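Predicted, not measured: the structure shown is a model, and the values here were computed from it. Note on naming: letters A, B, ... go to the chains in the order of the sequence lines (proteins, then strands), and numbering restarts at 1 for each one.
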Amino acid sequence: MKIHEYQAKEILDKGGVPVPKGVLAKAHEEAAAAASELGGSVVVKAQVHAGGRGKAGGIRLVATPEEAGIAASELIGSSLVTHQTGPEGVPIRSVLVEEALEVDRELYVGMVIDGSTGGVVVMASEAGGMDIEEVAEQTPEKIVRIAIDPVLGLLPYQARKIAYSLNVASDQVRTVAAMMSKLYDLFLSHDCSLIEINPLVVTKDGRLLAADAKLNFDDDAMYRHRDLAELYDPEQEDPLEAEAGKFGVSYVRLDGDVGCMVNGAGLAMATMDVTFAAGTAPANFLDVGGGADEEKIAEALRIILSDRNVAKILINIFGGILRCDVVARGAVIAAERAENGMPPMVVRMLGTNADEGRRLLETSSLDVTLVDDLNQAAQAIKALA
Amino acid sequence: MSILVDRNTRLLVQGITGKEGSYHAARCREYGTNLVAGVTPGKGGQVFDGDVPVYDSVERAVDETGANASLIFVPPPFAADAIVESVDAGIPVIATITEGVPVKDSINVVRYLQGKDVTAIGPNCPGIISPGEECKMGIMPGAMHKPGRVGIVSRSGTLTYEAVGQLTGLGIGQSTSVGIGGDPVNGTSFVDVLELFNDDPETDCVVFIGEIGGTKEQEAAEYIGSNEFTKPVAALIVGRSAPPGRRMGHAGAIITGKAARADEKIKALERAGANIIPSPAAIGVTVQQVLP
């Protein structure tokens, strides 16, 4: 789960990690007032979950409260399109007005779950303020990575190693090391999946501040963090993805025209790949999950059809607990409800009650091509183009 | 022959009185698995499926039935506890089906497993099946499997069934099929399973199925390319068409950097001498060519 920058900074502040002085504003008057309070020269930052805000014009450095008000009125209520969002962007409902920092250096520190070491890995780099993935790709030697043992935690020598690698002044080594320990404590206590401070700013007067902050939480641990779950902002999600989530359907919107409905994440990816290899493109990833009933299937198809790009449907079901006749009935229900009709379908069904499912589809009024395997599915989808 | 589970497997199911646990315990039994006990704290004394005793603790179940494998269906908040309970009771093979275990719990369990001679598959996995031994310890559809000499290891459930379906369709049987699970942090690794297949005289070739996210496939590639590993591999990576930064269902299936991409994993496996399966539709035919 993602949260906004201002929320992340509140958590850091409470945890003892220094952040710039700032005020959240939901209207331009509030932004102007915040700017005067902070001394005039401020940064007005659009609060959206997507990264790449700076390049997209979502972060404005202004010199006066008036300018802060103007920047806020331009941002609030508009949508921000970044390289991480779709063409429609994400809505800006508030801005964070922060003191403008006199930056000496921009550093990077982060913590992630690492599958290879089976634990948390702490990362640091002197190349802060840049896309860390780019740094990792082009100059991997500029990133220091330390795997943390879950029993021992982040050891003092490791925290110092991070500080030394960042080449901070000798009187700041302790400060950085202490900050790393606090970040690690926050990572654990909040069930984070990611913490990124990019940049960690060293100001000209020698202060260290988390100028930007990204905190992601482990969705699977939200049941034990009711307070954090409340920070969820569905508006920042793709509306269809958020809706699918309510039905327990895992859906990711993509930009092709083949709507895919599959059971199982691996098979769903495989189905997308087959679609892709056939020279067509998937409109979505969709895993209906195990134990779906007719209603869930119908809802999954409704969500697929809500994407206007969808011109054909590919259903690939490996019946187990999920019965193929249930899928077929769900598809018929979805077609009855579809306002703009059901596009042609290619259906592959195997396993529990597959014959019954195929018979139901064959005798329905749906435009269905039944296929036996993935190769045939690819060819049939291509033929519909 | 097979790896991990066989005719000598005495299966225990943790969470046997729950909806999923009871359904799948019955399916495992139908397949031929020797189901000796169930465990649900507070439900000790009940009987499952006519004659399978239910116990309050794994320790008690092991003492009284000699159970030597545990299949776990308990809800996510209790999964870590259930796994460690089985480890401490001396169970050598554990498979956790439960989906949605907090990753911090998995990290602690994996750390606890270090240095112990235990195979703990999962969480969020389909389990293990050895068709020639008539032993199924998982949620896979049993009937489609066929006894044979091809080993399968995968991060995915239904995609593993797809692989089995294609193999069986071509008359190619399987020694053992193992799903290690789709979470970013899990117990038994690809390499652990590959080592077992390498040592199994009845496995001639291995189907390796990976996906985007993390670097587990690269670690497997390193082992496959080493002199230690001597068997032919047919490898499939799915998620070539997935965009970066978006989670594809599995908690671990997300492209967060270059190494997490499908093409990078395919390159690593190619360098290791694996036969790359060009499309998910071509698993069976690729194995046909690879089989010695």
Legend entry - Point-to-point distance, once rounded to the nearest 0.5 Å, from OH of Tyr161(B) to CG of Leu350(A): 13.5 Å

Legend entry - Option that, when pairs with chain A are counted at under 4.5 Å, heavy atom only, ranks first among His250(B), Arg155(B), Gln166(B): His250(B)

Legend entry - Ile107(B) vs Ile113(A) side-chain heavy atoms within contact, under 4.5 Å: yes

Inset, instruction - Please determine, among Asp218(A), Thr352(A), Val151(A), the option with the most heavy-atom pairs under 4.5 Å with chain B. - result: Asp218(A)

Legend entry - side-chain hydrogen bond (donor to acceptor under 3.5 Å, both in side chains) involving Glu237(A) - partner list, sequence neighbours excluded: none

Inset, instruction - Decide side chain to side chain contact (heavy atoms under 4.5 Å, CB included) for Lys258(B) and Glu134(A); before the verdict, give the C-alpha distance in whole Å, the side-chain angles of both, and the deciding distance to 0.1 Å. - result: CA-CA 9 Å; Lys258(B) 197 178 172 196; Glu134(A) 258 170 53; over 6 Å; no

Inset, instruction - Please state whether the side chain, the backbone, both or neither of Gln376(A) comes within less than 4.5 Å of a heavy atom of chain B. - result: neither

Legend entry - Nearest heavy atoms of Leu374(A) and Pro280(B), plus distance in Å: CD1-O, 3.6 Å

Inset, instruction - Starting at CE of Met269(A), measure out to OG1 of Thr158(B) and round the result to the nearest 0.5 Å. - result: 9.5 Å

Inset, instruction - Tell me, for Glu211(B) versus chain A, whether the close heavy atoms (under 4.5 Å) come from the side chain, the backbone, both or neither. - result: side chain

Legend entry - Heavy-atom pair of closest approach, residues Gly249(B) and Ser250(A): CA-OG, 3.5 Å

Legend entry - Winner by heavy-atom pair count (cut-off under 4.5 Å) against chain B, out of Phe318(A), Phe187(A), Phe276(A): Phe318(A)

Legend entry - Shortest non-hydrogen separation from Leu159(B) to Ala270(A) and the atoms involved: CD1-CB, 3.6 Å

Inset, instruction - Please look at Leu286(A) and chain B and tell me whether the side chain, the backbone, both or neither of the residue comes under 4.5 angstrom of a heavy atom of that chain. - result: neither

Inset, instruction - Look at atom CD of Gln84(A) and say whether more than 12 heavy atoms of other residues, nucleotides or ligands are closer to it than 6.0 Å. - result: yes

Inset, instruction - Find the one option among Gly264(A), Gly256(A), Ser193(A) whose heavy-atom pairs under 4.5 Å with chain B are most numerous. - result: Gly264(A)

Inset, instruction - Find the one option among Gly214(B), Ser279(B), Ser156(B), Ala143(B) whose heavy-atom pairs under 4.5 Å with chain A are most numerous. - result: Ser156(B)

Inset, instruction - Examine whether an atom of Arg253(A) lies under 4.5 Å from a heavy atom of chain B, and if so say whether it belongs to the side chain, the backbone or both; otherwise answer neither. - result: backbone

Legend entry - Residues which pass salt bridge (charged side-chain N to carboxylate O under 4.0 Å, His left out) with Asp149(A), listed by chain and number, not counting sequence neighbours: Arg111(B)

Inset, instruction - Can you establish whether the number of heavy atoms outside Lys55(A) located under 6.0 Å from its atom NZ is more than 12? - result: no

Legend entry - Segment of Gln218(B) engaging chain A (4.5 angstrom heavy-atom cut-off): neither

Inset, instruction - Identify the residues of residues 71-81 of chain B whose heavy atoms come closer than 4.5 Å to a heavy atom of chain A, ordered by number, or report 'none'. - result: Pro77(B)

Legend entry - Distance-minimising heavy-atom pair for Ala281(B) and Val274(A): N-CG2, 4.4 Å

Inset, instruction - Using a cut-off of under 4.5 Å on heavy-atom pairs, state which of Asp287(A), Leu188(A), Asp220(A) scores highest against chain B. - result: Asp220(A)

Inset, instruction - Pull out the residues in residues 235-248 of chain B that come under 4.5 Å of chain A, heavy atom to heavy atom, sorted by number. - result: Ile237(B), Val238(B), Gly239(B), Arg240(B), Ser241(B), Ala242(B), Pro243(B), Arg246(B), Arg247(B), Met248(B)

Inset, instruction - Check each atom of Lys216(B) against the heavy atoms of chain A and say whether the ones under 4.5 Å are side chain, backbone, both or neither. - result: side chain

Inset, instruction - Name the option with the most non-hydrogen atom pairs under 4.5 Å to chain A; the candidates are Gly100(B), Ser106(B), Ser189(B), Pro278(B). - result: Gly100(B)

Inset, instruction - May I ask you to check whether over 12 heavy atoms, not counting those of Glu222(B), lie within 6.0 Å of atom CD? - result: no

Inset, instruction - Using non-hydrogen atoms and a 4.5 Å limit, figure out which bit of Ala268(A) sits close to chain B: side chain, backbone, both or neither. - result: neither

